[in-house]
Amino acid sequence: MRVRIIVMGLVLVFVSSSAFALIGPPTAELEQGQWSAGFNYQYSSLDFGKVDITEKDYDEVEGVWVLDEEDSGKYKVNIEEYNTNAYFGRLSYGLIDSLDVYVQLGMADVKYKSKYADGYDEWDGFNLDNEFAWGLGGKYTFYKQEKVDWGVGAELNFFSNSMDEIIDSGTWEDGEASGTWEEKETIDIDTSSILIAVGPTIDMDGWKLYGGALFQFVNSSFESDGIESWADTEGNGGIDDKWE
């Protein structure tokens with residue numbers, strides 16, 4: 001099964017009901033040649049609604065898995081409460097007085113729930129493993145006043161998450177033979193996000209106030225593979241069905 005989802009949104013003052021991002025002030029903070037280290041946290045919660053998926057089912061024919069055209073096809077799936085949490089350590093460098101660049105490394109997790117749009121009423125929940133995440137970005141001050149700097153910041157992040165889930169399992173009997181069976185699915189999600197912030201940073205005599213607009217672009221690509229396998233009490237086993 002493969003599905004690609006693209007979401008775009010505008011977030012005011014860096015906070016909305018669906019996203020929270022600590023990109024920090026949208027203006028450069030370092031002088032040329034200076035370094036700094038910090039922490040960055042990002043959270044988003046999105047409802048995609050109905051999305052199209054393509055599912056391929058296979059049959060085993062004389063030891064070879066062949067695509068079953070009749071059972072394969074396109075379906076609509078509801079995906080909601082698609083929640084991501086990302087935690088980064090950030091290293092920044094002042095390229096020039098008005099431009100900072102940085103890289104960040106960390107971890108990210110993904111949770112969501114889904115169900116087929118037609119024929120099923122039960123929601124399935126998915127909690128993918130924490131995986132490595134990385135990103136890069138920059139902040140540029142394009143206009144300076146006595147106590148107010150105006151700038152733009154851009155950040156690009158990447159992370160991939162996966163999980164193995166046993167969908168169903170049970171036992172079987174065939175005459176004197178018996179054993180177990182299970183359906184197992186592997187899910188892989190690749191996510192990239194772009195954050196663009198524009199606004200002022202205000203010198204409040206000892207501390208700084210910043211805000212503006214944050215544009216968030218999220219691109220997630222789903223892939224899943226499943227098999228139905230069996231095993232008997234003598235250690236024999238095999239695959240009865242597979243799909244992707």
Side-chain angles (χ1 to χ4, degrees), residues 5-48 81-111 130-161 189-221:
I5 298 171
I6 297 176
V7 174
M8 292 182 290
L10 182 66
V11 185
L12 297 178
V13 200
F14 293 87
V15 181
S16 80
S17 60
S18 61
F20 179 75
L22 292 180
I23 193 173
T27 51
E29 302 172 82
L30 302 175
E31 296 179 0
Q32 184 177 8
Q34 286 186 330
W35 293 87
S36 72
F39 175 78
N40 185 17
Y41 168 71
Q42 294 178 8
Y43 167 80
S44 66
S45 180
L46 305 168
D47 290 334
F48 294 122
E81 296 180 16
Y82 185 85
N83 300 331
T84 62
N85 289 274
Y87 310 85
F88 296 103
R90 175 189 289 177
L91 183 64
S92 302
Y93 177 72
L95 199 61
I96 57 178
D97 287 349
S98 58
L99 176 62
D100 298 349
V101 293
Y102 58 87
V103 295
Q104 51 190 20
L105 304 175
M107 303 289 289
D109 66 69
V110 173
K111 300 180 179 67
N130 291 334
E131 301 286 353
F132 172 73
W134 68 280
L136 50 87
K139 300 177 183 181
Y140 176 67
T141 301
F142 57 79
Y143 184 67
K144 284 180 172 288
Q145 296 176 292
E146 183 178 354
K147 287 187 174 291
V148 181
D149 292 343
W150 292 85
V152 57
E155 184 175 294
L156 181 61
N157 297 308
F158 303 91
F159 48 93
S160 299
N161 300 84
I189 300 179
D190 294 320
T191 301
S192 60
S193 68
I194 298 174
L195 301 173
I196 300 176
V198 181
T201 300
I202 306 170
D203 186 352
M204 304 296 291
D205 295 327
W207 59 282
K208 291 184 177 181
L209 175 68
Y210 60 89
L214 176 68
F215 177 82
Q216 182 185 40
F217 176 93
V218 180
N219 181 9
S220 291
S221 177

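Residue numbers start at 1 and run along the sequence shown.
- Side-chain contact check for Tyr87 and Gln42: no donor-acceptor pair (N or O, by modelled atom type) lies under 3.5 Å.
- Two residues are said to be in side-chain contact when any heavy atoms from C-beta on lie closer than 4.5 Å; Trp150 and Phe142 meet this criterion.
- The side-chain heavy atoms of Ser220 and Tyr82, taken from C-beta on, include a pair separated by under 4.5 Å.
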Go through Glu155 and Tyr102 one step at a time and tell me if the side chain to side chain contact (heavy atoms under 4.5 Å, CB included) criterion holds. CA-CA 9 Å; Glu155 184 175 294; Tyr102 58 87; 2.6 Å; yes

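- Asn83 places a side-chain heavy atom less than 4.5 Å from the side chain of Tyr43.
- Here the OG1-CD distance, from Thr201 to Gln145, works out to 12.0 Å after rounding to the nearest 0.5 Å.
- The backbone N or O of Gln32 lies less than 3.5 Å from a partner atom in the side chain of Asp97, making a donor-acceptor pair.
- Between the Asp149 side chain and the Thr27 main chain, no donor and acceptor come within less than 3.5 Å of each other.
- Side-chain contact check for Trp35 versus Leu91: some heavy-atom pair is nearer than 4.5 Å.
- For the atom pair Tyr143 OH and Thr141 OG1, the distance stands at 13.0 Å (nearest 0.5 Å).
- Of all heavy-atom pairs between Glu31 and Gln34, the closest is N-OE1, 2.9 Å.
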side-chain hydrogen bond (donor to acceptor under 3.5 Å, both in side chains), that's the test. Do Ser160 and Asp190 meet it? Break it down for me. CA-CA 4 Å; Ser160 299; Asp190 294 320; 2.6 Å; yes

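- In plain terms, the two heavy atoms of Leu30 and Ser36 that are nearest each other are CD1-OG, 3.8 Å.
- The shortest side-chain heavy-atom distance between Pro26 and Tyr210 falls under the 4.5 Å cut-off.
- With rounding to the nearest 0.5 Å, the separation of CG in Asn219 from CD1 in Ile194 is 8.5 Å.
- Using a 4.5 Å heavy-atom threshold, the side chains of Val148 and Asp203 count as separate.
- A distance of 9.0 Å separates CG of Asn130 from CG of Asn85, quoted to the nearest 0.5 Å.
- When each of Val110, Ile189, Asp109 is tested with Phe159 by the rule side chain to side chain contact (heavy atoms under 4.5 Å, CB included), just one qualifies, namely Val110.
- In this structure, OG1 in Thr84 is found 10.0 Å from NZ in Lys111, a value given to the nearest 0.5 Å.
- A donor-acceptor pair under 3.5 Å is absent between the side-chain atoms of Lys139 and the main chain of Glu29, judged by distance alone.
- Side-chain atoms of Asn40 and Gln104 form a donor-acceptor pair, as typed in the model, at a separation below 3.5 Å.
- The backbone N or O of Tyr140 lies less than 3.5 Å from no partner atom in the side chain of Ser98, so there is not a single donor-acceptor pair.
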